[in-house]
Amino acid sequence: MTNTTTKYIFVTGGVSSSLGKGIIAASLAKLLQAQGYRATIQKLDPYINIDPGTLNPYEHGECYVTDDGAETDLDLGHYERFLNVPTSQANNVTTGRIYQSVIDKERRGEFLGKTVQVIPHITDEIKHRVQILGNSGDYDIVITEIGGTVGDIESLPYIEAVRQLKWEMGNENALVIHLTLIPYLSAAGELKTKPTQHSVKTLMESGVQADILVCRTEHELSDGIRTKLARFCNVKREAVIQSIDASTIYDVPNLMLEEGLDKVVLEQLKLESHPPDLTSWNTFVAKHKNPKSEVIIGLIGKYVELQDSYKSILESFIHAGAANEVMVTVESIHSEYLTPENVASKIAHLDAVLVAPGFGERGIEGKIEAIRYVREHQIPFFGICLGMQMAIIEFSRNVLGLKQANSFEMDETTTDPVIAIMEAQKKITKKGGTMRLGAWKCDLLENSQVATIYHSTSIMERHRHRYEFNNEYKVQIENAGMKATGFNPETGLVEIIEIPAHPWFIGVQYHPEYKSTVANPHPLFLAFIKAALEYKTNK
Ligand code: GLN
């Protein structure tokens, strides 16, 4: 059934990948939200993995985890950070998931007697998934971002589903935004429209006419170019929207507002348009762009050469930096190359250190070495997930003298498994979607540093891990000065450790970075940046 009270916007990409469909979708949703519309965004990914949980961060960037425990595309992080509205499994669908549900139905006999085909069975499943959020009644507008680039073989069923939906819903209820690139040829000194013309044509070969073109460009689009694009691509002149390179993604909503993207969209969807209220957003952007001081934070991990691998952490720094009116300069440090000999030269000048989440053995000794240094030198330390586990190992080895202390993940034969596999994980053999995932309750000890930071003793945070603090070592570790201060109320799992004698030494088993948004910077990141600033001032 097609629900016509919800309006649908599809965002496709052409000419090149990595043009930032996610940021355009999030910026448009922000403008619609700021005019009172309930907007949400969904990402359709044309790969065969069921979810990106099994993908290497090198290949796909960070895996973003939602409250309901879905392992999703990192664009969902942008949606949450821009809109301050939680997403869920329904906001990210992959070809793998589509096929899995169609094949499951076939095995259940739901198509008995019929040949199961891409059209209509796969496309019907896509259409159904697109409308789940709209049919919930929670949203006026659903923006659906189609991953990949028009012309890709694997995107075809999605484009076909868009064609059918647009036809069934009508132009007032569904529209297509095509995001393309207008390359600049420096030898000719010209912007070129031909790749966009071809890309719009490719889309038309599948029966889909783009209604709006958003054109990524390094240089201003002249009137002539806009008119030419409109004429060749069958779109209105005002529906040619320039998306010029911005110094920060947080400028994009205002850039889209100046170009009138929200107006063109609302006009076609026959919805009223009002001036959006971006007051608090603009306060954030102004603070982000006019810092009063600077701190240098070391981000220690093994994927540091790729920005996307720790996306949510980097964005959380931006939110917390703006709130503290400080510029956070991140110095990425590759843990694999950190040794006892070079650790001081790489860390001594930093104002704080964050040790990142991760999996597997590579680079862990460097992380442990960095943690020893910051613990001994009173430099603020924040450990996330694997980062917390490494802090416990470091403390056990160097303070308790348990030289063999390790995590079962890295060494199954260790005599001191201070990090052990969770009970519930022991029997699990399948890899996809089987970690401890999503939001879990955590009780904080009164009088702990974290209770002061959160202004609460009961929190919910998102998880993604298999291993945990081994409670058999708790007494020993606590007697030596590292305290467990956050616990799962049902299982007693330790979720937080801190060292009260250190100015700021906190490790968390969960991922606070997934919950930091522009409207709600995460309290732990706020406090961490503040601690870095204090450390720098007193140095
Ligand atoms: N590899 C560790 C575990 O599975 C930490 C995971 C993480 O950092 N997300 O427990």
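Nothing here was measured: the structure is a model prediction, and the numbers come from that model.
In this structure, Tyr8 and Phe10 have parallel ring planes: the angle between them is below the 30° cut-off, well short of the 60° mark. The aromatic rings of Phe82 and Trp281 lie tilted to each other, with the angle between the two planes from 30° to 60°. Aromatic ring orientation, Tyr310 versus Tyr303: tilted (interplanar angle from 30° to 60°).
Ring centroids of Phe525 and Phe382 are separated by less than 6.0 Å, placing the two rings close together. The aromatic ring centres of Tyr47 and His60 sit less than 6.0 Å apart. Close placement of the Phe528 and Trp504 rings is indicated, their centers lying within 6.0 Å of each other. For Tyr250 and Phe284, the ring centers sit closer than 6.0 Å to each other.
No side-chain heavy atom of Thr40 sits less than 4.5 Å from a side-chain heavy atom of Val85. Counting only heavy atoms from C-beta outward, the side chains of Met410 and Met390 approach each other to under 4.5 Å. Between Arg129 and Ile98, some side-chain heavy-atom pair lies under the 4.5 Å cut-off.
Under a 4.0 Å N-O distance rule, the pair Asp308/Lys311 qualifies as a salt bridge. Between Glu71 and Arg436 there is no salt bridge, since none of the side-chain N atoms of the basic residue sits less than 4.0 Å from a carboxylate O of the acidic one. Salt-bridge check for Asp251 with Lys289: passed, with a basic side-chain N closer than 4.0 Å to an acidic carboxylate O. Between Arg375 and Glu498 there is no salt bridge, since no side-chain nitrogen of the basic residue lies less than 4.0 Å from a carboxylate oxygen of the acidic one.
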